[in-house]
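Structure, as structure tokens:
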Amino acid sequence: MKPEIIVALDYSELEPVKGIVESVGDAVNWYKVGLELFVSCGPDALSYLADKGKKVFLDLKFHDIPNTVSKVCLSSLKYGVSMMNMHVQGGEEMMKTAVDKVSESAGDKRPLMLGVTVLTSLDENHLSQYGIVTPDTASYVLKLAEIAKRAGMDGVVSSAKETQIIKENLGEDFITVTPGIRPASASVDDQKRVVTPADARQMGTDYIVVGRPITKADNPKEAAEAIKEEMGWTD
Ligand code: C5P
């Protein structure tokens, strides 16, 4: 069923991570390990999630020269991650080199490789400050997504707002992963542009990244089940 939930493990210690994964149980298969957890206890967290049979989105947003990024992508393979990402701004050659090297090494077991387009914390003022001339943010996101696709990437991380334009122009198979999800009843926290799970599904996104609405819930498993229900999952 689409979209699949990826729970963001934004922690700096392993204990709360174990608590969440135990309590959510089989309601969720995917977890996101970002910079905070990775810098604090990355290898232990990744081994723990692999032992639990969970799929991992390694959200480290690589951005460096092609040689460095392709090597760190290759190093990520030892953890058996299922998805990783890098900034599209790092360049077409950076992305292409990384995809080629990882494909060469992992063959058909290659993790999904995604481009980060424009962070949702940045807006049109940021683009104009940096001299980027574009009619609007969505057009620029689409331009970056096109470059990612040309480089061989599987998809992009984008706000739900841009999912439709990306799918329309780059095809249904080009994956979109969408953070900023809030069930209708949940607090928005510090997120500015949120969409509900039902809207995200309707917009056609493939994966939704959900952190606090699940990790801070009194009952994380029930919170995850409620989101699935809101998206029309039937199992
Ligand atoms: O708790 P919450 O659901 O807001 O967590 C969202 C997760 O998605 C966090 O790990 C955050 O860093 C990440 N993210 C985001 N917006 C982006 C990119 C990543 O919220 N544009």
Side-chain angles (χ1 to χ4, degrees), residues 3-13 16-17 19-21 23-24 27-28 30-42 45-46 49 54-63 81 83-90 112-124 126-127 137-138 140-142 144-145 148 153 155-163 165-166 175-201 203 205-218 220 223-224 226-228 230-231:
E4 186 112 28
I5 299 176
I6 305 178
V7 176
L9 293 169
D10 292 321
Y11 293 102
S12 54
E13 285 164 15
V17 166
I20 291 295
V21 175
S23 117
V24 170
V28 168
W30 281 85
Y31 286 90
K32 179 171 90 69
V33 174
L35 283 165
E36 180 186 2
L37 184 59
F38 190 79
V39 169
S40 312
C41 50
L46 294 170
L49 289 165
K54 298 300 180 189
K55 293 190 172 184
V56 171
F57 169 21
L58 187 64
D59 177 26
L60 301 182
K61 301 184 180 71
F62 303 133
H63 188 167
V81 302
M83 187 186 278
M84 61 172 84
N85 62 1
M86 63 196 70
H87 277 282
V88 179
Q89 297 281 3
L112 293 171
M113 298 180 74
L114 305 175
V116 178
T117 54
V118 178
L119 295 170
T120 46
S121 52
L122 303 176
D123 58 14
E124 274 149 37
H126 162 86
L127 298 180
T137 308
Y140 187 57
V141 168
L142 179 59
L144 294 178
M153 305 289 277
V156 288
V157 183
S158 74
S159 104
K161 277 184 151 187
E162 289 120 22
T163 301
I165 189 175
I166 290 169
I175 292 168
T176 54
V177 176
T178 303
I181 303 295
R182 287 296 177 271
S185 57
S187 144
V188 298
D189 305 305
D190 55 351
Q191 293 283 10
K192 297 210 167 51
R193 294 183 291 153
V194 298
V195 300
T196 64
D199 286 345
R201 179 185 180 201
M203 288 163 172
T205 201
D206 299 282
Y207 297 85
I208 56 169
V209 175
V210 186
R212 289 160 290 180
I214 291 176
T215 58
K216 301 291 179 216
D218 292 338
I227 290 173
K228 284 159 78 172
E230 214 177 309
M231 294 191 299

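What you see is a predicted model, and the numbers here were worked out from it, not measured in a lab. One-based numbering, in listed order, for ligands and for the atoms of each.
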Chi angles and distances behind the side chain to side chain contact (heavy atoms under 4.5 Å, CB included) call for K32, D10: CA-CA 8 Å; K32 179 171 90 69; D10 292 321; 4.3 Å; yes
Between E124 and V118, does the side chain to side chain contact (heavy atoms under 4.5 Å, CB included) criterion hold? Intermediate values first, please. CA-CA 10 Å; E124 274 149 37; V118 178; over 6 Å; no
Heavy-atom contacts with ligand 1 below 4.0 Å: which residues, ordered by chain and residue number? A8, D10, K32, T120, P179, R182, Q191, V209, V210, G211, R212, P213
Crowded around K161 NZ? As in, over 12 foreign heavy atoms under 6.0 Å? no
Salt bridge (charged side-chain N to carboxylate O under 4.0 Å, His left out) partners for D199, two or more places apart: none
Could I get the full list of salt bridge (charged side-chain N to carboxylate O under 4.0 Å, His left out) partners for R212, not counting sequence neighbours? D189, D190
My understanding is that only residues two or more places apart in sequence, or in another chain, count here; which of them pass ring pair (Phe, Tyr, Trp, His ring centres under 6.0 Å) with Y207? W30
